[in-house]
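Beneath this line is the structure, given in structure tokens, with notes to follow.
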Amino acid sequence: VDGDRVGLPDGGAFVVPDHGQHGDVLVTVRPASVLVSARAPGGGGAPSGMSARNTWSGTVTGLSMLTDRVRVDIDARPPVLADVTAASVAELQLAPGAPVWGSVKATDLDVYSSAGS
């Protein structure tokens with residue numbers, strides 16, 4: 001991390017809140033904080049006024065029914081888990097192999113210093 005940007009080992013970066021951190025970190029996000037869409041955010045059909053600063057594309061690799069939601073496993077860089085409603089699964093036609101976009105607000109990313117940093 002360098003300020004408000006976390007560089008990823010495979011390329012790309014996340015925007016995070018700037019807490020003056022520098023060096024190696026671990027970044028986590030709660031699956032319920034990930035917005036899943038069938039189209040690129042900011043393009044046709046994306047919610048207007050969306051404030052998510054981090055977006056990436058991927059492919060659905062699995063769906064798991066949890067008590068009150070469905071966990072979507074998305075193969076992307078980085079890979080991500082997202083929790084959505086069963087209605088969203090139907091509306092977005094989520095199934096293994098489906099292309100999707102994930103989005104998350106910078107404030108929903110938690111940044112932890114690595115041991116020894």
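V16 has its side chain within reach of V1: a pair of non-hydrogen atoms, C-beta onward, lies under 4.5 Å apart. Side-chain contact between V111 and Q21: present, with at least one pair of heavy atoms (C-beta onward) separated by less than 4.5 Å.
The list of salt bridge (charged side-chain N to carboxylate O under 4.0 Å, His left out) pairs with a residue in residues 5-23, not counting sequence neighbours, is empty.
Both M65 and I74 belong to a single network of hydrophobic side chains, linked directly or stepwise wherever heavy atoms of I, L, V, M, F, W or Y lie under 4.5 Å apart. Under the 4.5 Å side-chain heavy-atom criterion for grouping Ile, Leu, Val, Met, Phe, Trp and Tyr, L26 is not connected to L109 through any hydrophobic cluster. Residues V89 and V60 fall within the same hydrophobic cluster, defined by Ile, Leu, Val, Met, Phe, Trp and Tyr side chains chained together at heavy-atom separations under 4.5 Å.
Taking the salt bridge (charged side-chain N to carboxylate O under 4.0 Å, His left out) definition, one finds that D4 meets it with nothing, sequence neighbours left out. The salt bridge (charged side-chain N to carboxylate O under 4.0 Å, His left out) test applied to D2 returns no partner, not counting sequence neighbours. The side-chain contact (heavy atoms from CB on, under 4.5 Å) search around D110 returns T28, R30, Y112, not counting sequence neighbours. Under the ring pair (Phe, Tyr, Trp, His ring centres under 6.0 Å) criterion, W56 pairs with F14, not counting sequence neighbours.
Shown here for N54 and V15, the closest heavy-atom pair between the two residues is OD1-N, 2.6 Å. Across every non-hydrogen atom of L63 and P96, the tightest pair is CD1-CD, 4.5 Å. Listed here is the closest heavy atom pair of V29 and D108: CG2-O, 3.6 Å. Of all heavy-atom pairs between V34 and G102, the closest is CG1-CA, 4.3 Å.
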Check residues 76-85 and write down every donor-acceptor pair under 3.5 Å in which the side-chain atom is one partner and the other belongs to a residue at least two apart or another chain.
from : atom 1 : to  : atom 2 : distance (Å)
D83  : OD1    : R71 : NE     : 2.6
D83  : OD1    : R71 : NH2    : 3.2
D83  : OD2    : R69 : NE     : 2.9
D83  : OD2    : R71 : NH2    : 3.0
T85  : OG1    : S88 : N      : 3.0
T85  : OG1    : S88 : OG     : 3.0

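Formation of a donor-acceptor pair under 3.5 Å by the T61 side chain with backbone atoms of D73 is found in this model.
We find the NE2-OG distance between H22 and S113 to be 11.0 Å, quoted to the nearest 0.5 Å.
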